[in-house]
Amino acid sequence: MIAAGNESRSMTQNGYLYDLITLAHSPEMAGRMILVGSIGDKKEPEKLSTFSNYPGFFRSSTNLPYFITAPGFEISSLAPDNQTENLSGTSMAAPFVAGALALMKEKYPDLPPEDLVAMLLKSARKMALGTKEALNPYYYGAGILDLRMILSE
């Protein structure tokens, strides 16, 4: 299960994000649910989007939060009447993560979901592109989805 953050709620409203993170780290769901944040804005493609939620200090037993970021700003999407439009949101970032997991499942068909999720989180990029600056896990969780790293393993 992949859950995108809800842009219309903050971390404090009704405890929505807290509940999702708690659920993702519960023994029943651990390794079977990933929360997805969005990166990108007009000037910085790897900056956490202003509308994106973030994991805070939650950690799993592997010391990685079940939270990963992917592009979610101005993503070209299909629209009615054979048109396209640019959309932004964590709901645009989540398909990147779902697609990565689908490719991983094709490459490793015998691995259980928990192992695929662990591989996905472990392979997330922890450094900003072109710098030696570490991404803050408080905001980026396990890091930024890195499909090249996933497929090269």
Side-chain angles (χ1 to χ4, degrees), residues 1-41 44-75 77 87-129 131-153:
M1 172 189 302
I2 297 176
N6 186 332
E7 293 86 358
S8 65
R9 298 181 191 222
S10 72
M11 287 188 71
T12 57
Q13 284 182 314
N14 301 324
Y16 176 76
L17 183 60
Y18 178 82
D19 290 344
L20 279 178
I21 291 175
T22 302
L23 178 62
H25 289 83
S26 70
E28 301 83 21
M29 293 301 290
R32 294 180 166 268
M33 180 178 175
I34 303 172
L35 301 174
V36 179
S38 170
I39 57 170
D41 70 12
E44 299 178 65
E46 292 195 336
K47 181 180 178 183
L48 190 72
S49 301
T50 57
F51 51 78
S52 182
N53 286 316
Y54 51 91
F57 288 114
F58 276 88
R59 296 285 185 267
S60 70
S61 60
T62 61
N63 204 29
L64 287 173
Y66 291 116
F67 188 100
I68 193 167
T69 57
F73 181 75
E74 293 190 358
I75 305 298
S77 183
L87 299 174
S88 298
T90 54
S91 296
M92 299 308 294
F96 282 98
V97 176
L101 283 167
L103 289 171
M104 292 172 68
K105 185 64 177 171
E106 182 179 7
K107 186 172 182 179
Y108 307 105
D110 297 329
L111 286 182
E114 297 86 355
D115 290 351
L116 294 173
V117 167
M119 285 174 63
L120 179 86
L121 296 173
K122 185 179 177 188
S123 67
R125 192 162 37 80
K126 316 284 190 266
M127 307 292 271
L129 276 179
T131 73
K132 295 188 184 232
E133 183 181 333
L135 298 169
N136 186 339
Y138 184 86
Y139 296 104
Y140 289 85
I144 295 175
L145 177 69
D146 189 342
L147 195 54
R148 284 177 293 184
M149 177 66 87
I150 291 167
L151 297 177
S152 67
E153 293 180 343

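The structure presented is a predicted model; accordingly, all values stated were derived computationally and were not measured. Excluded from the calculations below are hydrogen atoms, water molecules and symmetry mates; all remaining heavy atoms, backbone and side chain alike, are included.
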| request: Go through the steps for Ile34 and Leu101 under the test side-chain contact (heavy atoms from CB on, under 4.5 Å), then give the verdict. | output: CA-CA 11 Å; Ile34 303 172; Leu101 283 167; 3.8 Å; yes

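- Using bins of under 30°, 30° to 60° and over 60° for the plane-to-plane angle, the ring pair Phe73/Phe51 lands in the parallel bin.
- Atom CE of residue Met127 and atom CG of residue Leu129 lie 11.0 Å apart, to the nearest 0.5 angstrom.
- Heavy atoms only, all atoms of each residue included: Ala70 and Val97 are closest at CB-CG2, 4.1 Å.
- Distance alone, capped at 3.5 Å, is enough to place a donor-acceptor pair between the Lys126 side chain and the Ala142 backbone.
- Pairing each heavy atom of Tyr66 with each of Leu121, the nearest pair is CD2-CD1, 3.5 Å.
- The shortest heavy-atom contact between Met92 and Ser77 is CE-CB, 3.7 Å.
- With Thr90 contributing its side chain and Gly37 its backbone, the two residues share no donor-acceptor pair below 3.5 Å.
- Annotation for Ser88 and Glu74: closest pair OG-N, 2.7 Å, computed over non-hydrogen atoms.
- Smallest separation of non-hydrogen atoms from Ile68 and Ala124: CD1-CB, 3.8 Å.
- Summarising the geometry, atom CG belonging to Leu103 is positioned 11.5 Å from atom CG belonging to Leu116; distances are rounded to the nearest 0.5 Å.
- Taken to the nearest 0.5 Å, the CG atom of Asp115 stands 11.5 Å off from the NZ atom of Lys122.
- Counting heavy atoms from C-beta outward, Leu145 and Ile150 have side chains that approach closer than 4.5 Å.
- Within the 4.5 Å cutoff, no side-chain heavy atoms of Asp41 are placed close to those of Thr50.
- For the pair Tyr140 and Glu46, the tightest heavy-atom approach, listed with the atom from each and the gap, is OH-O, 2.8 Å.
- By the 4.5 Å heavy-atom criterion applied to side chains, Tyr139 and Thr69 are not counted as neighbours.
- With rounding to the nearest 0.5 Å, the separation of CD1 in Ile75 from CG in Leu87 is 9.0 Å.
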